[in-house]
Enquirer: 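Shown below is the structure under consideration.
Just so you know, ligand 1 is whichever comes first in the structure, and atom 1 is the first atom listed for that ligand. Keep in mind that what you see is a predicted model, and the values were worked out from it rather than measured.
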Amino acid sequence: MSNPMASRRQRAVDDGERRLIGPPAATTTSGDPLDQDASTPGFVYVLAFFSALGGFLFGYDTGVVSGAMLLLKKEMNLNALWQELLVSSTVGAAALSALSGGFLNGWLGRRICILMSSFIFSIGGIILSVAPDKVVLLVGRITVGLGIGIASMTVPVYIAEVSPSHLRGQLVTINTLFITGGQFIASLVDGAFSYLSHDGWRYMLGLSVVPALLQFVGFFFLPESPRWLLQKGRSEEARQVLSRIRGGLTVNEEYDAIRTSIEEEEREAGGGGLVILRILSQGPTRRALIVGCGLQMFQQLSGINTVMYYSATILQMAGVRDDKQAIWLAAATSATNFVFTLVGVWLVERVGRRKLTLGSLLGTGLSLTLLAVGFLLSALNSPPVTLHPVDAQNSTCRQYGSCEFCMLDPTCGFCYRENGTKVYDSSCVPANQAATDHAAWGRCSNQTEATDSPIWAYNYCPTSYSWIVLVGLIFYLAFFAPGMGPMPWTVNSEIYPLWARSTGNACSAGVNWIFNVLVSLTFLHVAEFLTYYGAFFLYTGLVVLGLLFVQGCLPETQGLQLEDIENLFTGQLCSCGASTHSGNRHIHYIRVKGNNRLLSDSDASDVD
Ligand SMILES: O[C@H]1[C@H](O)[C@@H](O)[C@H](O)[C@@H](O)[C@H]1O
């Protein structure tokens, strides 16, 4: 049977070495084959930079809120519900707008969507910085979330569509570098403005207007994706843009490949019906969608955002008691995430997406186990409660015999004194629910700087095993950041055929945001029921499932033309074979350890 979605060229890999079947993607005007490195004009980096500002804003706005919240809850007297609302409304809005972004992308194009998201970011930043009360703050956070959702699905698609294939993985991964960079800068800004006694949060939240405006102005001068233009029948414009992006080289080959693929797709689909239904009804796109959404789901299920969020507590366990010091050390955590994403940018075109994802998941799983073991040892050696003060309100806190059980109850905290590593005079008392940084009553209810005053531990316990948890945290970020952080975004930007690309990315980005909310909102409840070590063992289990999924289902897309990648999904989902056409050749290849190994390359008439 001939493959209905076959495209023009196919690169097959034999024993890890790629053989190019058919002519190279671009030739110089003189007709010489291009040296690919020499053929990459700087303009494509400019495009990637301005687009990735969307990733920066995504990272900044999700990262900045934790530091801003420390100030906001005091200045606006926010209770726990309002704090939760302000954090999760952004992520919820991002999920909704990512899902609707697919339709907007197909209809208005990538460029307009990017302009729209930077405009929304700017408005959101302005609302947040002038907000007179919590309701306006909520409106601002929702607005920013709408911008994040659209940016998170559009930017990777745009970068993938303008990049030459040999650089595509690297350039799309730069977007995730900008996400983690945004989170890192946000933590620095949080640190710097935490010294302001009043209105520091206005600067923290409002500063995002600067990159948003920069992106808005930049994109006024930048072109639309040539692939989208061609799909809309604006062929002359598409050819001009393609040639501008490729530095004035002859782009006939690439242009023809895109056009043929669009024509074939249109013939197949007849152009009608809802895109999502067409995706689900055709085997290859359905499989691509499952792989894309699965990757995004497992990214969030590996617990990245709880690890980032929980880093402050981990650091407190390690003995960092001062708020300011904790803020700066949390900046070190996001710096680690950022630096190791840089390793991912470096590795993606060297080892390929699949190996990088598998290696990253393996390391992430081992690090989660280490984290869980650290928490387990801390729990087993948790200091006992030795004092039982009279509790007028008869709260649940008095029933707990050790710090471990006391801290797992969000209404209680552990009040103790220490002598070196020895804990004494310890009690479990109710936390002040408006501000959990002190107890509701008793010796830990007023914070003093005196060295002999008792210590208030909310959400953590003093332990001598915190170093295991700290090492686990660093290893976790070092393994997660180069692979599982960026690869779900990178792979999604390249696995769908053009007609399904916006919708496919919208769905997978939506899945990412939905699981982001689910995991971060449930973390404290999961920890309450399963304890902290139980929660981290659970994430380890989920990572093992992720490993099996990636091992079975993720093909290698490195180096292939976007138009060819869809053919990787023509076999059974998670099986290892596929075939494609190249001119009148019929090529069978098999995925061996994720590489496309050539099986046969025969005349089409022999096979069909
Ligand atoms: O790829 C990104 C990155 O890993 C971020 O650090 C994380 O906060 C996001 O949820 C994720 O999508």
Side-chain angles (χ1 to χ4, degrees), residues 52 54-66 87-88 90-95 98 144-145 148-156 159 169 172-187 292-311 330-345 348 353 356-357 360-361 363-364 367-368 473-474 476-493 505-521 523 539 542-543 546:
F56 181 88
L57 287 159
F58 161 172
Y60 186 88
D61 280 309
T62 49
V64 79
V65 70
S66 57
V87 176
S88 38
T90 305
V91 185
V144 160
I148 298 182
I150 298 181
S152 70
M153 67 126 314
T154 311
V155 170
I159 301 183
V172 180
T173 306
I174 284 183
N175 184 48
T176 313
L177 183 71
F178 273 51
I179 299 177
T180 54
Q183 290 173 329
F184 172 47
I185 299 289
S187 59
C293 292
L295 276 177
Q296 292 287 23
M297 179 181 82
F298 282 115
Q299 180 196 66
Q300 292 303 318
L301 289 181
S302 25
I304 175 64
N305 290 307
T306 61
V307 168
M308 297 276 280
Y309 158 77
Y310 203 58
S311 66
T333 311
S334 46
T336 315
N337 194 16
F338 171 66
V339 169
F340 282 97
T341 312
L342 207 61
V343 176
V345 173
V348 63
R353 288 68 162 145
L356 194 54
T357 312
S360 161
L361 266 172
T364 301
S367 316
L368 281 168
L473 174 75
I474 294 168
Y476 177 93
L477 289 170
F479 280 109
F480 179 90
M484 267 320 268
M487 285 312 107
W489 298 108
T490 305
V491 169
N492 267 288
S493 73
N505 274 275
C507 292
S508 60
V511 165
N512 180 291
W513 289 110
I514 289 168
F515 278 88
N516 185 332
V517 184
L518 276 180
V519 175
S520 40
L521 276 188
F523 176 67
Y539 295 138
L542 293 170
V543 164

Enquirer: In the protein, what heavy atom is nearest to atom 6 (O) of ligand 1, and what distance, to one decimal place, separates them?
Expert: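 Looking at atom 6 (O) of ligand 1, the protein heavy atom closest to it is Q183 OE1, 2.9 Å.
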Enquirer: Give the numbers and elements of all ligand 1 atoms closer than 4.0 Å to a heavy atom of F480.
Expert: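 Near F480, the atoms of ligand 1 are 4 (O).
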Enquirer: Could you list the atoms of ligand 1 found under 4.0 angstrom from a heavy atom of N305?
Expert: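 Once the distances to N305 are compared, the set is 7 (C), 8 (O), 10 (O).
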Enquirer: Should the pair F56 and F178 be assigned to parallel (<30°), tilted (30 to 60°) or perpendicular (>60°) ring geometry?
Expert: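 Aromatic pair F56/F178 classed perpendicular.
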Enquirer: Just heavy atoms, cut-off under 4.0 Å: does N337 contact ligand 1 by side chain, backbone, both, or neither?
Expert: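 N337 to ligand 1: side-chain contact only, backbone stays beyond 4.0 Å.
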Enquirer: Hey, which atoms in ligand 1 end up nearer than 4.0 Å to a heavy atom of G485?
Expert: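 Result: 1 (O), 4 (O).
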Enquirer: For T176, is at least one N or O under 3.5 Å away from an N or O on ligand 1?
Expert: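 Among all N and O atoms of T176, none is under 3.5 Å from an N or O of ligand 1.
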Enquirer: Between M484 and ligand 1, find which residue part has any heavy-atom pair under 4.0 Å and reply side chain, backbone, both or neither.
Expert: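 Answer for M484: neither.
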Enquirer: Q299 heavy atoms, cut-off 4.0 Å: which ligand 1 atoms fall inside?
Expert: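 Reading through ligand 1 atom by atom, the close ones are 1 (O), 2 (C), 11 (C), 12 (O).
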Enquirer: Does ligand 1 have an atom that lies less than 4.0 angstrom from a heavy atom of Q296?
Expert: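 No, Q296 has no heavy atoms under 4.0 Å from ligand 1.
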Enquirer: Ignoring hydrogens, what is the shortest heavy-atom contact between A98 and M153? Give both atom names and the distance.
Expert: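 Smallest heavy-atom distance, with atoms named: O-SD, 3.8 Å.
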Enquirer: Hey, is N512 touching ligand 1 through its side chain, its backbone, both or neither, going by heavy atoms under 4.0 Å?
Expert: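 Side chain only; the backbone of N512 stays clear of ligand 1.
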Enquirer: Between S302 and T364, do the side chains contain a donor N or O and an acceptor N or O under 3.5 Å apart?
Expert: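 Their side chains do not contain a donor-acceptor pair, so the 3.5 Å distance test is not met.
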Enquirer: Would you mind listing which atoms of ligand 1 come within a distance below 4.0 Å of any non-hydrogen atom of T180?
Expert: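 In order of numbering, the contacting atoms are 6 (O).
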Enquirer: Please could you name the atoms of ligand 1 that W489 approaches to less than 4.0 Å, counting only its heavy atoms?
Expert: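 In order of number, 1 (O), 2 (C), 12 (O).
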Enquirer: If only side-chain N and O atoms count, and only distance matters, is there a donor-acceptor pair under 3.5 Å linking T176 with T341?
Expert: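 Their side chains do not contain a donor-acceptor pair, so the 3.5 Å distance test is not met.
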Enquirer: Rounded at 0.5 Å granularity, tell me how far CH2 in W513 sits from CG in L518.
Expert: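 One gets 13.5 Å once the value is rounded to the nearest 0.5 Å.
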Enquirer: Any chance you could measure L361, atom CG, to F480, atom CZ, to the nearest 0.5 Å?
Expert: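 Those atoms lie 8.5 Å apart.
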Enquirer: Would you say Y476's side chain and I304's backbone share a donor-acceptor pair under 3.5 angstrom?
Expert: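 Looks like yes, one N/O pair under 3.5 Å.
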Enquirer: Will you find, in the side chains of S508 and N492, an N or O donor that is under 3.5 Å from an N or O acceptor?
Expert: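 There is such a pair (donor and acceptor under 3.5 Å, judged by atom type) between the side chains of S508 and N492.
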